[in-house]
Visitor: 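Next up is a structure, given as structure tokens.
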2 protein chains.
Amino acid sequence: MNLKELSQALELSQTTVSRALNGYPEVSAETRSRVEEMARKLGYAPNQQARRLATGRSMSIGHVIPRSLHEMMNPVFMEFIAGAGETYSRHGYDMIISVVEDHNVEAAYREIASKKKTDAVMVHGPRSSDERPALLKELGLPFLIHGRVPGLEHATSWIDVNNGRAFERATNLLLDLGHRRIALLNGLEDMDFAARRRAGFDKAHHDRGLQTIPELLRAADMTEPYGADSALEMLKSPEPPTAFMVSSMITAIGVARAIGLCGLKIGRDISVITHDDALSFLPNCGDVPIFTCTRSSVRDAGSRAAQLLIEKILPNPDTIVSEHLEAELIIGQSTGPLPTQA
Amino acid sequence: MNLKELSQALELSQTTVSRALNGYPEVSAETRSRVEEMARKLGYAPNQQARRLATGRSMSIGHVIPRSLHEMMNPVFMEFIAGAGETYSRHGYDMIISVVEDHNVEAAYREIASKKKTDAVMVHGPRSSDERPALLKELGLPFLIHGRVPGLEHATSWIDVNNGRAFERATNLLLDLGHRRIALLNGLEDMDFAARRRAGFDKAHHDRGLQTIPELLRAADMTEPYGADSALEMLKSPEPPTAFMVSSMITAIGVARAIGLCGLKIGRDISVITHDDALSFLPNCGDVPIFTCTRSSVRDAGSRAAQLLIEKILPNPDTIVSEHLEAELIIGQSTGPLPTQA
DNA sequence: GACGTAATTCAAAGCGGTTTGGATGGGTGT
DNA sequence: ACACCCATCCAAACCGCTTTGAATTACGTC
């Protein structure tokens, strides 16, 4: 069932039928309803490909995921996608996802642009120095970044958690509780989000005239064993930390395991604060969550990002929009005052 | 730069240029290379939408994710997607993902079919009674199931881990070690994979004339707190289990936490075997992995599924292919013989 | 009753490719 | 020298929709 057949069944021109269905004003109300009814009866739906060709809009948004990024951010990324996906479909957009090797990212974007595959792209996991914004500008491909690229805060559109502030506040909480040997298990610090968390962590110390402790600072892919192994090693060292700031729930779970293995009790002997992306399969809620955390729903971020892209950037690709999401600081069971030396 | 312009620059017809680029034989080698060179020089790439309209193939595969499924399978799902995505792009296919509310799944498929959005779809997380295969057949949309629908094993194409056998073997291992009070923390048992795991668990018992213990059987969304809360409750009961079979690493981590909270040692006091989907952010490997597990890479499954869909099913939509993936049973640190009563 | 205007409707021209059904021309066999 | 056959290449149709520009009809006005 295509437009031609439908218009013949109605004894109307394709023009009129098309206009009736697409809500153009130059169609009488009566005709429109007649068309709509017939379309429903005959089960007509416009061919997507044809419409795309005719309008020049692909009605889809691209997500290019570098393999390396995916390895690291896997679950977080999926949650973002879920949020974005819902918003896309509400607006009639498709989401197309390309998982590519790192060295093929540029080629992937070029292909999207030259073949006119999508109307815009979402950029994930920006690094402190990231070449994607320049490339996308060159290609004329509208985009929005989940995160920020330093130096391009005012030149690109983005949505980002206020990572610096979140980690500064969390660190201050630990300092207020008396902790002075605080470990930081960060993500890889060439990632912008990790650099900002590190900066917040440092700032909280420096503002009180305190120094961070080099032996207690780590940066790596945020896996569970990373958390466990690092924490184990630190806890067994001559001068162990009394608290941990952790960049991911997954890693924090590893830290908790290590603390248990050392026969210590989390929240009493050792404090832990983690960033919590509010992943659906790792709920950390309730009156008193397991982990004290800085929380910001990455799913909401995805949803909001999609909305900004579709409503602000697509209609006017030169618009620059940016939005900060503040993380909540939520007190759970994993923090407590510095234990007094028994 | 479109085909018309390119052909003018070459002083050839669009037909010839199109054929040269698409590898048709009726073009001389010389002409072909001349065309290819010029195309490269001018940066020509065929417009995706136009090609789709002309060929009638969308060169894309759809994944419709019901919200409920997503909640549950989030990380596993993402890993599958990653595997499939790589295979897709190698074959020139796009992956389009729709996250929809459960009650909109049917509508989503109907839309894909009527608008000709994708050439085929991948079906995720089949339930013991699942209406999607029938719908997709009605719509004439080729598909492959990741998992199986009971009763349709020979009527549909699928790829699936041999869940029954995996859990049967794992349960036997525990029984061999002397365990007689084995808890099962399963996924929701209206999901086919969970039903099969349950069946394997039961079979291992029944084959030895043993009964499973109703109080020790649970089925729920496979979150971390589910594991922790269930295990805690069971361990504190008058007749606690001595071993756990768990359907997901995430849940197993919760179990491990509960064991720690009870002051017990995993592998010595309490044994745990989990299914391990080989998620990249939860590596459970090394010489002696943390968890004894039944392991099957869901990423490989995705990759293989995509391959079957593209290479077997698309060329001939009536083909029925099915493939079993065997899970490895890997001994880690979380299992040991039944402790002798001290 | 002629005329300007607004409200509807339509035929046809794209959009940018692929594919069908010839045309053209050089080489071969007799 | 002639018929015939490939090897190449091309003009035009087609995919199914949107949109431009024009035609038709209806209506109120002077």
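Predicted model, so just to flag it, every value in this text is computed and none were measured.
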Visitor: Quick one about B:Arg51 and B:Gln48 (side-chain donor to acceptor, distance below 3.5 Å, no hydrogens or angles considered), yes or no?
Guide: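 Their side chains do not contain a donor-acceptor pair, so the 3.5 Å distance test is not met.
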Visitor: Using heavy atoms to find the nearest nucleotide of DNA chain D for B:Ala54 and B:Arg32 separately, return the residue whose nucleotide is more 5′.
Guide: B:Arg32
Visitor: Establish, from distance only, whether the side-chain atoms of A:Thr87 and A:Ser303 form a donor-acceptor pair under 3.5 Å.
Guide: yes
Visitor: A:Asn22 side chain N/O closer than 4.0 Å to the phosphate oxygens (OP1, OP2) of D:dT18?
Guide: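 Checking A:Asn22 against D:dT18: at least one side-chain N or O falls below 4.0 Å of OP1 or OP2.
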Visitor: Under a 3.5 Å threshold, yes or no: a donor from one side chain and an acceptor from the other, between A:Thr16 and A:Ser13?
Guide: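 Checked: A:Thr16/A:Ser13 side chains pair up, N/O donor to acceptor below 3.5 Å.
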Visitor: Should A:Thr15 be listed as having a side-chain N or O under 4.0 Å from OP1 or OP2 of C:dA12?
Guide: no
Visitor: When you get a sec, tell me which of D:dC10, C:dA11, C:dT8 is the closest nucleotide to the side chain of B:Ser13?
Guide: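 Given the options D:dC10, C:dA11, C:dT8, the side chain of B:Ser13 is closest to D:dC10.
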Visitor: Report the nucleotide, chosen from C:dG17, D:dG16, D:dT8, that has the shortest atom-to-atom distance to any side-chain atom of A:Ala50.
Guide: D:dG16
Visitor: So what does A:Glu11 hit on the nucleic acid, given a heavy-atom distance under 4.0 Å: a base, only sugar-phosphate, or nothing?
Guide: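 It contacts sugar-phosphate atoms only.
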Visitor: Measuring to OP1 and OP2 of C:dA7, would you say a side-chain N or O of A:Tyr24 lies under 4.0 angstrom away?
Guide: no
Visitor: Rounded to the nearest Å, what distance is computed from the CZ atom of residue B:Arg51 to the C1' atom of nucleotide C:dT18?
Guide: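 In whole Å, C:dT18 C1' and B:Arg51 CZ are 9 Å from each other.
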Visitor: Counting side-chain heavy atoms from C-beta on, which of C:dT8, C:dC10, D:dC10 comes nearest to A:Leu12?
Guide: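 The nucleotide sitting nearest to the side chain is C:dC10.
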Visitor: Of the nucleotides C:dG16, D:dC10, D:dT19, which has the atom closest to the A:Ser18 side chain?
Guide: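 So the nucleotide nearest the side chain must be D:dT19.
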Visitor: Do the charged groups of A:Arg52 and A:Asp94 touch, with an N to O distance under 4.0 Å?
Guide: yes
Visitor: Remember a base hit wins even if backbone is also touched, and classify B:Gln14 as base, sugar-phosphate or nothing at under 4.0 Å, heavy atoms.
Guide: base
Visitor: Per the atom types in the model, does the base of C:dT9 pair as donor or acceptor with the side chain of A:Thr31 at under 3.5 Å?
Guide: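 Result: no qualifying N/O pair found.
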Visitor: Respond yes when some side-chain nitrogen or oxygen of B:Thr16 is under 4.0 Å from OP1 or OP2 of D:dC9, and no when none is.
Guide: no
